[in-house]
Amino acid sequence: MPLAARPAPALLHRRTLLTGLAGAATAIALPARAGFNFFTSEYTATRAELEAQVRRRFPLQQGYGGLFTVQLSDPRLGLQPAANRAALTLRVAIASPFLDPGTVGGWLAISSALRYDAPALTLRLDQPRAERVELEGLGGQDAARLQRAGAAVAQEALQGQPLHTFKPEELTVGRKTYEIGDITVLDDGIKVQLR
């Protein structure tokens with residue numbers, strides 16, 4: 001190659017640097033669907049990540065004055081972007097010495113707002129609301145009363161339950177540690193604004 005056609009060393013260095021920066025920017029931007037997005041200052045946890053964390057915390061059990069015990073298991077996560085709420089469908093078992101048979105099973109669907117617990121670095125369920133309770137093998141007024149009581153106990157048991165716990169390194173880039181701002185429920189995950 002003739003001497004005049006060769007790029008100057010400074011130009012080569014600049015091209016190499018720009019190519020490296022473009023590659024780094026692409027690498028940072030790609031995981032925006034699952035993790036930290038440097039350009040928008042957001043962190044997104046995918047539905048799969050959230051569901052995996054939720055499943056580890058079940059089964060849950062809560063008693064009610066010795067009258068009955070509610071056990072919640074097999075959680076399935078749903079996301080409600082239009083309402084900015086998370087939803088859980090859970091298997092419910094209500095046990096009581098006053099029931100015949102002693103345990104009644106069914107399904108419970110709840111929806112919940114979300115709040116951030118800064119000391120624990122955790123997104124938590126906030127004021128969960130029972131949307132539907134279906135119990136198998138019961139009917140009439142006894143079923144209606146047991147559904148209401150079971151829903152109330154389940155709401156109490158789920159209040160403050162962790163949905164996602166951040167690792168400190170997920171909220172740190174370089175020497176800057178971010179705090180969580182707005183929480184947005186998406187179709188396929190939950191996005192938090194970092195500030």
Side-chain angles (χ1 to χ4, degrees), residues 33-35 43-167 170 180 183-192:
R33 298 199 36 84
Y43 182 94
T44 302
T46 66
R47 178 193 298 266
E49 291 169 331
L50 295 165
E51 194 159 58
Q53 283 198 28
V54 167
R55 285 187 174 276
R56 285 197 299 264
R57 294 183 170 92
F58 284 84
L60 283 178
Q61 190 167 302
Q62 179 100 5
Y64 185 74
L67 298 175
F68 59 88
T69 302
V70 174
Q71 182 178 37
L72 304 172
S73 60
D74 193 24
R76 294 182 198 156
L77 179 67
L79 298 170
Q80 301 173 341
N84 205 40
R85 293 174 73 82
L88 288 174
T89 302
L90 307 124
R91 184 87 181 135
V92 62
I94 302 174
S96 173
F98 305 108
L99 291 174
D100 185 24
T103 303
V104 174
W107 290 94
L108 165 73
I110 67 109
S111 72
S112 181
L114 301 171
R115 69 176 170 83
Y116 180 62
D117 176 356
L121 302 178
T122 300
L123 283 178
R124 296 186 183 278
L125 298 180
D126 189 35
Q127 301 176 357
R129 180 176 64 225
E131 305 289 349
R132 190 179 78 249
V133 182
E134 294 178 12
L135 298 177
E136 300 154 354
L138 281 184
Q141 297 222 356
D142 289 340
R145 280 194 288 272
L146 195 56
Q147 285 173 334
R148 282 193 302 273
V153 172
Q155 289 172 169
E156 185 179 318
L158 292 169
Q159 171 61 29
Q161 278 298 311
L163 185 62
H164 180 75
T165 299
F166 294 94
K167 297 173 185 160
E170 291 175 321
I180 300 294
I183 301 166
T184 305
V185 177
L186 308 171
D187 285 324
D188 57 353
I190 295 177
K191 175 179 71 176
V192 294

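None of these values were measured; they are calculated from a predicted model.
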Close side-chain approach of Leu88 and Gln161, heavy atoms under 4.5 Å: no
Residue pair Pro75 / Leu90, side-chain heavy-atom distance below 4.5 Å: yes
Gln155 (side chain) donor-acceptor with Ala130 (main chain) under 3.5 angstrom: yes
Taking every non-hydrogen atom, the tightest pair across Gln147 and Val133: NE2-O, 3.0 Å
Whether Gln53 side chain and Thr165 backbone form a donor-acceptor pair below 3.5 Å: yes
From CA spacing to verdict: side-chain contact (heavy atoms from CB on, under 4.5 Å), Trp107, Leu135: CA-CA 7 Å; Trp107 290 94; Leu135 298 177; over 6 Å; no
More than 12 heavy atoms from other groups under 6.0 Å of CD on Glu136: yes
Distance (rounded to the nearest 0.5 Å) between Arg115 CZ and Ile180 CD1: 14.0 Å
Check: Glu131 and Arg129 side chains under 4.5 Å, non-hydrogen atoms: yes
Sub-4.5 Å side-chain heavy-atom contact between Arg47 and Leu79: yes
Worked check of side-chain contact (heavy atoms from CB on, under 4.5 Å) between Leu50 and Leu163: CA-CA 6 Å; Leu50 295 165; Leu163 185 62; 4.2 Å; yes
Criterion side-chain contact (heavy atoms from CB on, under 4.5 Å) on Leu60 and Leu158, from CA distance to verdict: CA-CA 9 Å; Leu60 283 178; Leu158 292 169; 3.9 Å; yes
Flag if over 12 foreign heavy atoms under 6.0 Å of OH, Tyr64: no
NZ/NE/NH1/NH2 to OD/OE distance under 4.0 Å, Arg124 and Asp126: no
Sidechain-backbone polar pair: Gln71 side chain, Ala93 backbone, donor-acceptor under 3.5 Å: no
Side-chain heavy-atom pair Val153, Ile94 within 4.5 angstrom cut-off: no
Considering all heavy atoms, the nearest Phe68-Ala149 contact: CZ-CB, 3.3 Å
Sub-4.5 Å side-chain heavy-atom contact between Leu125 and Leu114: yes
Beyond-backbone contact of Phe58 with Asp74, side-chain heavy atoms, under 4.5 angstrom: no
Side-chain donor/acceptor of Glu51 to backbone N/O of Leu77, under 3.5 Å: yes
Over 12 non-hydrogen atoms of neighbours within 6.0 angstrom of CZ in Arg55: yes
Minimum heavy-atom distance Val70-Gly150, with the two atoms named: CG2-CA, 4.2 Å
Side-chain donor/acceptor of Gln159 to backbone N/O of Gln127, under 3.5 Å: yes
Residue pair Ala87 / Gln80: nearest heavy atoms and the distance that separates them: CB-NE2, 3.7 Å
Full working for side-chain contact (heavy atoms from CB on, under 4.5 Å) between Asp188 and Thr46: CA-CA 6 Å; Asp188 57 353; Thr46 66; over 6 Å; no
Point-to-point distance, once rounded to the nearest 0.5 Å, from OG1 of Thr122 to NE2 of His164: 8.5 Å
Donor-acceptor under 3.5 Å (Ser96 side chain, Leu67 main chain): yes
